[in-house]
Amino acid sequence: MRTANVRTIVIWSLVALVGAVGWAVLALARGEDVSAAWMVAAALGSYAIGYRFYAKFIAYKVLKVDKTRATPAERLNNGIDFHPTDRRVLLGHHFAAIAGAGPLVGPVLAAQMGYLPGTIWIIVGVIFAGAVQDMVVLFFSTRRDGRSLGQMAREEIGPFGGAAALLAAFAIMIILLGVLALVIVNALAQSPWGTFSIAMTIPIALLMGFYLRVLRPGRVAEVSLIGVALLLLALVAGRWVAESSWADTFTLAPSTLVIWLVAYGFIASILPVWMLLAPRDYLSTFMKIGTILLLALGVVIALPTLRMPAVTDFASRGDGPVFAGSLFPFVFITIACGALSGFHSLISSGTTPKMIQKETQVRMIGYGSMLMESSVAIMALVAASIIDPGLYFAMNAPSGVIGTTVENASQVVGSWGYQITPAELAKAAQDVEESTLLSRTGGAPTLAVGVSQIFSEVTGGSLKAFWYHFAIMFEALFILTALDAGTRVGRFMLQDTLGNIYRPFKNVSWKPGLFITSGIVCGLWGYFLWVGVHEPLGGINQLFPIFGISNQLLAAVALAVCTTLLVKSGRLKWAWITGVPLAWDATVTLTASWQKVFSSDPKVGFFKQRQVFQDAIDRGEVLAPAKSMDDMRTVVINSTVDGVLTAILAILIVVVIVDATRVCVRHIRRPALSTLSEAPYVESKLVAPAGLIPTREEKEEERDAVGSGTSS
């Protein structure tokens, strides 16, 4: 035992040392080349320490997870929404569901401020805020029959604050789904390779679902090998299709993709969770994690240099061409999902608590999945930081700022202090077989360029175009899995809300309610998407500017609910675990909301932007990005809508926080007045490990369970 303890101490000391050295190099190195490998070392060392010690402390000391307590998946198993799911498959589903556009795009945009601010927030934020939120929400929802976040707020905080939470959460959910869908449409439009490969994941997932449910129950390793083999075949075949006579069949217009996405979202929302959603997410996780691991390995092999400065001048000036605003609060808002995401709380109180086998698995699935997503964000930041800064700004600055020619772009970017020649800009586009890379805003193309550079260096400088288009397709697959799970969660949220009015809706598997609410959710985000695809300044494009703020405001709701539940459940001394992240998140997002509403800078403040464009209309002028007077009027409407919505959402979140504070204070003063909506204890009959690799004791329990016929 002493030898084992010494070995453990040595191992974790080395892990801590690797992380510490990585942080030291990133923080202290100035005026010299810094390898991106140090960023990877700082991240992996910190993640390992956080998961091993902080997450374990919260799970067993604070939450006191109980492996003898039956979860909703076991007690309410109906084969539709409630279904005990192997921890490995569920880990894949949960990770795929939470990992949308945010960790891919946000860090790329935040690189405008330099690589250091983003790195600090992504790593520190996930360990102490994002992963904690996901795990604690999952735990409390599991204890409440898988209740949605809004419904938990209503039951635990009260009707007033709960109603504000329900309204805010559902409105934000529709915005998030619309934005995710728009990114997918932009990635797949006119891309037969991506469209074919992603379409093939659906029949592969159906096969995997039936294999585990009917043909070979419990054979996760077998179905994983089959699924990965078929997925790789689909990826390779996608390129064949793109170069064959079938290319036209899979080259879809944006409007056609909208119809297919809405139809897919509806079907995925109503089918039994074991049939399509869980296996497809599990399947896509192999590609997601596999690609990220290969990127990390590529960084270690190629040792690319971080070419973006640690902190740029834009961080202090707040006039960056990628997004306007100072480092605080906007770098935290822009990064969003990679460190802390309100969207995750909807998954943690949506599909996952209805499928988890054991409470002891919340650490691996809730905290662990979020660390996995944070690693995606780090690799996205690496990809953006290793390319030439001049190319980065040329790709991410709008055409209204840098023009449409490489000569003009080179001159404008050079005036910011980042030199790149017209020939270099032209060659960068030629290398990835694109006509131009100028003003390819949104973050996704920049990430693809960074990914192609890392992989091509590993393969001897070749195949850059192949890796670029592979990365574009990878991003679309990455985001689609968040869309289908998000639609199902939106259905749960709407059912919980309507269940307060008409009780049958509370049964989330009630067929009429299931179809009605799925149709409403798909119709809402589908409408905004359809208009956004046909009108460049309308539909979901109108709501895109409030994507980051709304997501972070939703995180404040989740953390407020978690803090309230910690206090009411007798864990007052541990309330700081979610209370401190809540205070930070509320400060950041409410500051950002205030600036977006009231700032006198038209690049930041919505109402100031409205005034500037309205004054221009009165003078008969057309300002960029508008191209006509109709566009000018649309910008005025959009600015007004965004400003009003930002103010309303901020007020709703303040109402939730104030009401939650009131409930906590009342409980501290008079505990007898508090009630908990926790489901009664029922002893579990299932036996399942807490982590990916069973311990010796868990293996013995599984053998005993198999002998008695009670194994999972």
Side-chain angles (χ1 to χ4, degrees), residues 26 33-40 43 99 101-116 118-119 122 183 187 288 290-310 312 322 334-335 338 374-397 413 418 420 424-425 427-434 436-479:
L26 294 176
D33 290 343
V34 177
S35 171
W38 291 117
M39 191 183 294
V40 175
L104 292 174
V105 174
V108 172
L109 303 181
Q112 168 183 264
M113 303 292 191
Y115 66 77
L116 189 57
T119 301
I122 289 170
V183 176
K288 290 182 176 185
T291 301
I292 296 304
L293 289 176
L294 287 175
L295 270 175
L297 184 62
V299 168
V300 173
I301 294 173
L303 298 176
T305 299
L306 294 170
R307 303 184 67 182
M308 186 69 73
T312 68
V322 180
T334 303
I335 287 175
S374 184
S375 69
V376 174
I378 284 293
M379 294 313 304
L381 186 58
V382 167
S385 300
I386 64 168
I387 67 175
D388 189 296
L391 176 60
Y392 170 86
F393 285 107
M395 291 186 67
N396 289 283
V413 172
Y418 302 100
I420 187 167
E424 289 171 333
L425 286 173
K427 187 175 187 306
Q430 182 182 354
D431 286 345
V432 295
E433 297 179 5
E434 291 281 0
T436 181
L437 288 176
L438 298 183
S439 300
R440 296 295 300 273
T441 56
T446 305
L447 174 61
V449 169
V451 168
S452 69
Q453 184 166 317
I454 294 172
F455 282 157
S456 65
E457 286 184 19
V458 173
T459 55
S462 61
L463 301 175
K464 185 172 282 190
F466 170 84
W467 291 120
Y468 173 84
H469 290 283
F470 169 83
I472 292 291
M473 186 270 296
F474 161 74
E475 292 168 29
L477 174 64
F478 206 104
I479 299 165

Answer yes or no: is there a donor N or O on one side and an acceptor on the other, between the side chain of [X] and the main chain of [Y], under 3.5 Å?
X	Y	answer
Tyr392	Gln112	yes
Ser439	Ala397	yes
Ser385	Met308	no

Seminar exercise, completed: For Tyr468, the ring pair (Phe, Tyr, Trp, His ring centres under 6.0 Å) test, sequence neighbours excluded, returns none
Considering all heavy atoms of both residues, which atom of [X] and which atom of [Y] are nearest to each other, and what is their separation?
X	Y	answer
Leu381	Ala111	CD1-CB, 4.0 Å
Ala36	Val382	CB-CG1, 3.8 Å
Val40	Ala296	CG1-CB, 4.5 Å

For this session: For Glu424, enumerate each residue passing the side-chain hydrogen bond (donor to acceptor under 3.5 Å, both in side chains) test, keeping only those at least two apart in sequence or located in another chain.
Result: Thr421
Exercise. Sequence neighbours excluded, which residues qualify as side-chain hydrogen bond (donor to acceptor under 3.5 Å, both in side chains) partners of Lys288?
Worked result: Thr481
Are [X] and [Y] close enough that some pair of their side-chain heavy atoms sits under 4.5 Å apart?
X	Y	value
Leu306	Leu26	yes
Met39	Val34	no
Tyr418	Thr312	yes
Pro304	Gln453	no
Leu109	Asn396	yes

Let me confirm one number: the [atom1]-[atom2] distance from [X] to [Y], rounded to the nearest 0.5 Å.
X	Y	atom1	atom2	result
Leu391	Leu425	CG	CG	6.5 Å
Thr446	Ile387	OG1	CD1	5.5 Å
Gln430	Leu437	CD	CG	11.0 Å
Ile454	Ile386	CD1	CD1	3.5 Å

Problem set entry | Partners meeting salt bridge (charged side-chain N to carboxylate O under 4.0 Å, His left out) with Glu434 (sequence neighbours left out) | Arg440
Exercise. Which pairs pass ring pair (Phe, Tyr, Trp, His ring centres under 6.0 Å) with one or both residues in residues 441-463, sequence neighbours excluded?
Worked result: Phe455-Trp467
Exercise. Pairs in or reaching into residues 295-310: which pass salt bridge (Lys or Arg N to Asp or Glu O under 4.0 Å), with residues at least two apart or in two chains?
Worked result: Arg307-Asp388
